[in-house]
Structures are given as structure tokens and as C-alpha cells.
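Notes for the one structure printed next.
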Amino acid sequence: MTDRGEDILQQRLAKLERIRERGIDPYPSRYCKTHTTQQAMALLDKDPDADNLTVSVAGRIIAKRGMGKITFLHIADSSGKLQALLKKNLLGEDKYAFFKDFDIGDFIGIDGRLFKTNTGETTVEASEITMLTKSLQPLPEKWHGLTDVEKRYRQRYLDLISNDDAQKIFKIRSKVITEMRRLLDERDFIEVSTPILNPTAGGASAKPFITHHNTLDRQLYLRIATELHLKRLIIGGLDRVYEIGPIFRNEGISTKHNPEFTSIESYEAYADYNDVMVNVENMISSIAQKVLGTTKTTYNDEVIDFAAPWKRIDLRQSLIEYGGIDVEDYLDTEGLRQKMRDLHIDVDNRMGRGNLIDKLLSTYVEPNLIQPTFLMDYPLEMSPLAKKKPDDPRFVERFEAFAGGMEIANAFTELNDPQDQRERFAQQLAMRQAGDEEAEMPDEDFLTALEYGMPPTGGLGVGIDRLVMLLTGQPSIREVILFPQLKSK
RNA sequence: GGACCGCUAGCUCAAUUUGGCAGAGCAACUGACUCUUAAUCAGUGUGUUCCGGGUUCGAGUCCCGGGCGGUUCACCA
């Protein structure tokens, strides 16, 4: 009870009581505002000579400067902030005294006339003030804001109140998704929703979350991709589909990984991965242009330019260029493994050729792909759902897009030969039985669907969180997810 | 999972090196102040120093164990 936080709470409760004693409801249901703070600001800018512009604005008190018979305030809403001036001689003795019980953090409504102060700041001179919501907890410090990272994530609302950048990031995130939808809708894609709870978790190599449905008494997996359902829709004759939504992977947490993240996957019939590549570079550069006003962004002190066309590099060539290794010189898996050991790369005996090559990529190539780059033509073993290259069946028509050293997109010409798909599932099952927990689970129902016939199709997946990291210059995925996964308190 | 760093008032941080009364700014409270904007000025109060043990006359500080967070490595399309 002697705790100071308790004291502040007690003081606020006393103020609340005094407000109620005046017969005033400190939590009224609504308030009729005529303008946002930004609109009010613009009103006077448009007509600087007007001295009779009256507005009703509402927001949270974020600063208070009392000077005896007058008080300056700043109130904030999601459009911005506006200064207010309260004068004792205008409001009257009683109302001005009433304001003593208002604190930083309270929501208030202000009616009044707009004018410019001596310093030129647009200000509303209050003729009436209304308590809209009494706040009982003190806000974070006004100058430094809230910097404690844990608190920022656990109490994101405080972060959003006190750090302008936090709001900015999530507004950009929203615009990125809106713009992505608009561009796809414009091209006659339709947006769909497919199940999150599934009897098998397919479409990617990742460990799933497992849950249980009581009534069905059945084990279900949270989806690790939307791929297999979206392809069923292509089979069903919806030629252009996409889905934006959460994906769940039961894997490590890092600055680039959150157990739940947002992906967009799109599938387009009669297209191949070359068509998809063009669409990706066009889509992302348009989004950057629309959302940031430029195709350039700064990430880790490097300027990244998303303007199309992006660099394209063959996977084998990339390893020659950045790692000095031609995997064609090591056609035998054991030989490649030995070569990698010689290079002091940590390899494990269970890793197949695909995994070994993947490891080489993440060691030598990916960190160097700062400017947007398509890495093309992946080894077959790494890509059980992608179509083989006609001229070299050891590789598939697949690309991943990288920027800032991070993978942001993955796409391929979809495998639509049901017999080939069945063999690939069998290979994956063998890898699974050999201890690879992330190998694809066979999906008999999907195979049946493929047997009905899927047209040639180009598919795409983009990690929206990572794209937003790049566009907002954030080094951690937690900065672009409102409520990132944390250890339990 | 490993390594490193951190956790002190509602918030931002000192005090830890060398164990010796736990401190400042903001926020809050009282008062002054009619153009301030990190308002200013005078005054007031504020603590489970993340938790639990241990060493010591004495621990925020040293030791052991635990929790949480950050970074990084491992892992991870």
C-alpha cells in the first residue's frame, strides 16, 4: 500500500470519484467529433485568415503545460496530434478547476476555435471540455518513451502510445497488405481462405504444431503452408487464387523467425516460374513505390532498390561465384560432404545432397544477396512439389528471392504429374524415416486431386513479415509483429 | 539448446569497478505563473534493487541456483 504505483492509482481513483461527484460520467458512450486532429490542422492551413473555425476534436492527453490561468495540452489521435489551449476566463472558474482532475493519459473532447499561437502552432482554444475516458495508470516517460524491449512487446499498447515509430511500422504493414491485395485483385486473382487445422501438415518442410479436436477425437496439425489446398482450387478451376494469412511452424525463434507468421501464397494457371518471377519483381517494386514513395529502402546501412528487373542467378553459378565451388565437380554425395568438411562447414551424415547444397547456399551465397536477387533452379531433393527442368531432371524450376541477405519469396512451376508427385512423396517419406523430421508428409488426398488433372501452374509464397522488415528497415521480425511470441511470464 | 550481456521508483537511468545510509530526471502531489511545447520556479513523497539460497558485522554490489529479456551461434525455406 505504500508502493508508489499504488499511490498513483489511489490518486487517480480519488480524481475519478470527484468527477463522479460533479454528476459527470467519466466513461461516456460517445462523443461527436467533427474533425481528426490532422483535419483540424489542415482546416486552418487551408484558410489561414479565418478566425472563426470551430471544431470538436477528441484524443488522448499526451502532454500538459499549466501556466496558472491558462494551460496548454497536446491531444493525440491516430491521425496525429493537436495543441489545445485552456483559458480560465473562457471556460469559467468552475470548469477550469474541474480540469485539475484531468491527467496525461485521459481521453478528452474539446470544442473550440482554431487559431495560431505566437510560435505559429495551430491550436484549438477550448470553449468546452468533455471527459471521455479517465485513465488510472501513468503513461511511460514522455521524453525517452518506452525502451524496455520486453515491456514494448508485452504491453504493445504502451509502445504504440509512446513511440511514434511503432505506429508507423504497423501502418506500413497494413498498407503493404492492402496494396498486395489490390495488385492481385487487379489481375483477376481471387482471395480464398483454406483450413488452418488439418489432418496432415504439408506444402513445406517444417515441424508442425499438433493439436487435438475433442469431438472428432482426432489429432490435427496447424498448417505450415497453404500450398496443397490452393493447388486443389486450381484443380477445381479457380485459375488465379491467393491466400494471405497465418502460418505456424514449430521451430526456433530468432530475429528472423516467429512461430506464427503471415504469408501470401498465390497460384496462377498456365504460368511457369519465369512468369511468376516477373510478377514478383513488379509487385514488390510497386508496393515499395506506393507505400514508401520510392523503390529504395535502407536495411542494415545498405540501400536496397526493389526496382524491376531484379538480378537472376543460377544456383550452381551462385556457388561458383560466391563460394568457389562447382557442385558438378562433386556429383557423389559423399564427395561433396567431404569437401564441405574440408571447408569447415558443419555437416551431418544424415544430410542428403539437397540439404548439403542448401547449407552451402546459406553459408556462401545468401548473406551476399543484398540487392533483390532471384536464385534459380534448385536441386530436386529440396523441392518435392516443384516440376523438374525438362533439360536436367536433377533440378527443378524453382526460384527463391532474396534481399538484405534474407529469403523473402519462394516459387516454382508446380509439379502436376501425379505419378511423379507420388514418387516424390515416397522419397520424402524415406528421408523422414531416416530421421529428417521436416521432410514432406505424404498426402494421399492431394494425390487423388492431382489425378483429376491440374493445369500447368506457377506458384508463389512470400513472407510478409520479412518484406515489412525490409521496407521499414527493422532488423528484428518482432518489430513488425504486434504481439510476437515470448516466453511465458 | 550453448555462449555473452542485462533486469534498481510508474518510465528513463545512476550507484556495482574497490561490499559501507539506494539516488537523479520525467510522471505524481502542494503552491506561483495568460503564448507554452522536454514550459519554468519553490516545495513534498516515492523502492520485494527479478526470485531463492549462501558468504559477511554489513550485499543492489561477491558466490551458487532459478526466472525473464536482448544479442549471437546452433536450428529453421
Side-chain angles (χ1 to χ4, degrees), chain A residues 2-12 14-15 62-74 81-90 96 100 103-105 115-121 123 125 135-155 158 161-163 203-207 224-225 227 247 249-259 261 263 346 348 354-355 358-359 361-362 366 375 378 382-386 398-402 406-412 437-438 440 461-463 466 475-476 478 484 486-489:
Chain A
T2 54
D3 167 50
R4 207 171 51 157
E6 199 72 21
D7 283 349
I8 290 176
L9 181 61
Q10 290 310 320
Q11 283 164 0
R12 297 270 175 115
K15 287 174 176 175
I62 55 163
K64 202 168 101 175
R65 295 177 292 279
M67 302 196 53
K69 297 189 183 65
I70 64 168
T71 298
F72 284 97
L73 302 179
H74 269 106
K81 60 184 182 174
L82 179 68
Q83 182 168 257
L85 173 59
L86 273 54
K87 286 180 165 173
K88 191 177 192 174
N89 66 0
L90 201 67
Y96 196 75
K100 285 230 148 192
D103 289 294
I104 289 177
F115 76 106
K116 294 228 186 215
T117 60
N118 292 346
T119 55
E121 180 166 347
T123 300
E125 186 184 53
S135 157
L136 303 178
Q137 298 280 358
L139 289 183
E141 208 251 2
K142 66 179 173 187
W143 186 240
H144 300 92
L146 185 67
T147 61
D148 183 300
V149 177
E150 180 180 1
K151 220 161 237 147
R152 286 184 45 237
Y153 297 154
R154 287 192 196 278
Q155 292 181 279
L158 294 179
I161 290 168
S162 47
N163 301 321
S205 36
K207 287 175 217 153
I224 55 172
E227 172 149 357
I247 300 293
R249 295 189 181 174
N250 205 342
E251 291 166 353
I253 297 176
S254 78
T255 47
K256 294 184 175 59
H257 300 84
N258 194 62
F261 61 98
S263 84
D346 188 22
D348 158 340
N355 282 331
D358 195 29
K359 185 92 188 177
L361 286 176
S362 48
E366 293 175 11
L375 203 53
Y378 279 66
M382 296 167 66
S383 317
L385 302 167
R398 171 182 177 187
F399 71 81
E400 289 191 339
F402 292 84
M406 245 184 334
E407 182 203 333
I408 54 169
N410 177 25
F412 31 89
E437 284 182 79
E438 278 145 24
E440 193 79 28
V462 178
R466 289 183 178 178
S476 169
R478 293 177 164 199
L486 303 172
K487 286 193 198 175
S488 57
K489 192 76 173 169

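Just so we're on the same page: letters track the sequence lines, and every chain starts at 1.
A:K359 comes within 4.0 angstrom of the backbone, heavy atoms only, and of no base. If you check every strand for non-hydrogen atoms under 4.0 Å, A:T117 touches a base. If you check every strand for non-hydrogen atoms under 4.0 Å, A:S254 touches nothing. Using a 4.0 Å heavy-atom criterion, one finds that A:K151 contacts the sugar-phosphate atoms exclusively. Nucleic acid contact for A:K81: none, since no nucleic acid atom lies under 4.0 Å from a heavy atom of the residue. Across all strands shown, A:G463 has no heavy atoms under 4.0 Å from either base or sugar-phosphate atoms. When heavy atoms are screened at a 4.0 angstrom cut-off, A:F115 is found touching base atoms of the nucleic acid. Within 4.0 Å of A:E251, counting heavy atoms only, lie sugar-phosphate atoms of the nucleic acid but no base atom.
Rounded to an integer number of Å, the gap from A:I62 CD1 to B:A27 C1' is 14 Å. With rounding to whole Å, A:R152 atom CZ is found 15 Å from B:G69 atom P. Rounded to whole Å, atom P of B:C75 lies 15 Å from atom NZ of A:K256. Between the CG atom of A:L136 and the P atom of B:A27 there is a distance of 20 Å, given to the nearest Å.
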Provide a list of protein-nucleic acid N or O atom pairs under 3.5 angstrom, restricted to nucleotides 2-4 of chain B.
none

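Listed nucleotides B:C11, B:U36, B:U12 differ in distance to A:R65; the shortest reach to its side chain belongs to B:U36.
Partner A:H74 forms a side chain to side chain donor-acceptor pair (under 3.5 Å) with one of A:K142, A:E121, A:K64 and no other, that one being A:E121.
A sub-4.0 Å separation between OP1 or OP2 of B:A27 and a side-chain N or O of A:K142 is present.
With hydrogens and angles ignored, a donor-acceptor pair under 3.5 angstrom links the side chain of A:Q83 to the base of B:U36. For B:U12, the base has no donor-acceptor partner in the side chain of A:D148 [N/O atoms by modelled type, under 3.5 angstrom].
B:U71 is paired with B:A3 under the criterion used here, namely a Watson-Crick or G-U wobble arrangement in which both key atom distances are under 3.5 Å.
The closest side-chain heavy-atom distance from A:F402 to A:L361 is not below 4.5 Å.
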